[in-house]
Chemist: 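Here you go, one structure.
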Amino acid sequence: MNAPSSRPDFGDSAAGECILIVDFGSQVTQLIARRVREAGVYCEIAPFTQAEAAFHRLRPAGIILSGSPASVPEEGSPRAPQLLFEAGVPILGICYGQQVMTHQLGGEVRPGHETGEGGEFGRAFLTVSAECALFDGLWQVGERHQVWMSHGDKVTRLAPGFAIVATSDGAPFAVIADEARRFYGTQFHPEVVHTPDGARLIANFVRHVCGLSGTWTMAEFRKTKIAEIRAQVGAGRVICGLSGGVDSAVAAVLIHEAIGDQLTCVFVDHGLMRMNEAREVVALFRDHYNIPLVHVEAEDLFLDGLAGLTDPEAKRKFIGKTFIEVFEAEAKKLGGADFLAQGTLYPDVIESVSFTGGPSVTIKSHHNVGGLPERMNMALVEPLRELFKDEVRALGRELGLPQAFVGRHPFPGPGLAIRIPGEVTRERCETLRKADAIYLEEIRNAGLYDAIWQAFAVLLPVKTVGVMGDARTYDHVCALRAVTSTDGMTADVFPFDATFLTRVATRIVNEVRGINRVVYDYTSKPPGTIEWE
Ligand code: XMP
């Protein structure tokens, strides 16, 4: 994983129009970034080990120090580069960030067990005890407000210059401030939704305290990116693999706007798409946008190769490898290209700090065009590297992509193959496509599509006995999955009501031959994953 190579160029007038978030390994650091972006301000996350370099590169107008699973009093726990406190730039320390700032500036932090009070976890109420720039237009002295706490250690003596501006039962130093230096610390987490005013507190920090005007809009991004793409590509040729998903589509449309027909898109149709999906992608690109598109119909190649494969990793590997081979062959036919465009997003490039040590285990080998750049020896054009998924959707809308396309649920590279545990056959794909289409149609009719991160049907290699009319049936089980999520890393089960699920189950069993039983998957992630394989 690499850090973004440079910050977006807003021109000299906007130098420093951004916030640096120093990551100490909190689970929710990305949420801080989202809240800052929602306030119309660009920001980047840097691990604490690289924060100094990021500071010099970004020249940020403000700094936010994240939470952490570590403990400040413990030897070897992370510290912020001291230079950040001497740069004359406002700082907001959140939880561990507050504690580490206090410690590094001469205050005291003690472990929860030493103070005899233990930690404080979950919903808490604080009382505002003094005015503070963070509270401007939001909280008044004497008011009580709900916040979300999650800490074991706490500040027990302030650093010189700081004053308490809010207290809670478990954290007498719930919010501290040094208004002269514009340093602030919250013991609670303003970035999570369980702190109802949290987003507005963060907006106050970045806009009022740091003085940023909120120029981070997708209209602005579109303009600056187009100029960047032109500068990078020059007269070169770019090839872009379309997956049918939102990210590669938005990247392609943006690049096409920048360099026109120097871009060619290649859509490798592996025959594992949902109902009508391949047709829609081709129509959108060829007819709507008039973007040069090569549609490779490779269903036979993929399905013949999948015959007999039942192991999830073997299926994934075969599809990934075959995809690369087909893509490469098409690129050759086109006479080669100088650049490969990819819809890589910010969550893929953030180097989060891991406290577990060592490389993480591979749960699934994800299929995207990841192996292509090395193999084809091409430079990358990745215009979405700084964006979160919701920002990509906003950019898609800005570029005029239809809402129905922009709002689409994510779809995995290996497609239906990982929603058919066991062997994948043409017949099983066909059966699954029908069930899936009914499920999604009902979700749309119920107005629930946009409230769900991902919903899909899974065809199980399990047969059960049923009865239809007077006859015995012996057919497959179909599982339905629907989850809410912000980034696919964790997910909660979507709580459909029973009437809805009953309606979908009845329709699937009645309308799809080969399925006689429908079940709903109630597993969150973790411990489950979103896809079944
Ligand atoms: P899991 O199943 O790992 O999925 O919880 C998390 C998110 O990633 C998607 N997914 C993939 N996306 N290539 C992709 O581009 C893949 O190989 C792949 N596998 C899973 C999944 O749909 C969910 O949104």
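Here, residue 1 is the first one in the sequence, and each next residue gets the next number. All values below were derived from every heavy atom in this structure, side-chain atoms included, with hydrogens, water molecules and symmetry-related copies excluded. Whatever order the structure lists them in is the order used to number ligands and atoms, beginning at 1.
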Chemist: Just distances here: any N/O of Ile418 and N/O of ligand 1 closer than 3.5 Å?
Modeler: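 In fact, backbone or side chain, Ile418 has no N or O that close.
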Chemist: Atom SG of Cys478 and atom CG of Leu432: how far apart are they, to the nearest 0.5 Å?
Modeler: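 Cys478 SG to Leu432 CG: 7.0 Å, rounded to 0.5 Å.
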Chemist: Look at Glu325 together with Lys321 and state whether they make a salt bridge at an N to O cut-off of under 4.0 Å.
Modeler: yes
Chemist: Looking only at heavy atoms of Trp453, does any of them come nearer than 4.0 Å to an atom of ligand 1?
Modeler: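 Yes, that is the case, since the closest heavy atom of the residue is under 4.0 Å from the ligand.
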Chemist: According to the interplanar angle, ranging from 0 to 90°, do the rings of Phe318 and Phe302 count as parallel (below 30°), tilted (30 to 60°) or perpendicular (above 60°)?
Modeler: perpendicular
Chemist: Less than 4.0 angstrom from a charged side-chain N to a carboxylate O is my criterion; do Asp475 and Arg513 meet it?
Modeler: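 Here Asp475 does not pair with Arg513 in a salt bridge, since their nearest N and O are not under 4.0 Å apart.
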Chemist: Need the ligand 1 atom indices (1-based, order shown) with element for anything under 4.0 Å from a heavy-atom of Thr529.
Modeler: 1 (P), 2 (O), 5 (O)
Chemist: Looking at Glu441 and Arg444, is any side-chain nitrogen of the basic one under 4.0 Å from a carboxylate oxygen of the acidic one?
Modeler: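 Looking at Glu441 together with Arg444, the answer is no, because their closest N to O distance does not fall below 4.0 Å.
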Chemist: Atom CG of Leu480 and atom CZ of Phe500: how far apart are they, to the nearest 0.5 Å?
Modeler: 8.5 Å
Chemist: I'd like to check whether Gln454 has a polar contact with ligand 1, where a contact means an N/O of the residue lying under 3.5 Å from an N/O of the ligand.
Modeler: yes
Chemist: Pick one of side chain, backbone, both or neither for how Arg316 approaches ligand 1, counting any non-hydrogen atom pair under 4.0 Å.
Modeler: side chain
Chemist: With heavy atoms of Lys525 as the reference, note each atom of ligand 1 found under 4.0 Å away.
Modeler: 1 (P), 3 (O), 5 (O), 6 (C)
Chemist: Considering distance alone, does some N or O of Gly413 sit under 3.5 Å from an N or O of ligand 1?
Modeler: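 Yes, at least one N or O pair falls under 3.5 Å.
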Chemist: In terms of atom number and element, which parts of ligand 1 are under 4.0 angstrom from non-hydrogen atoms of Gly488?
Modeler: 6 (C)
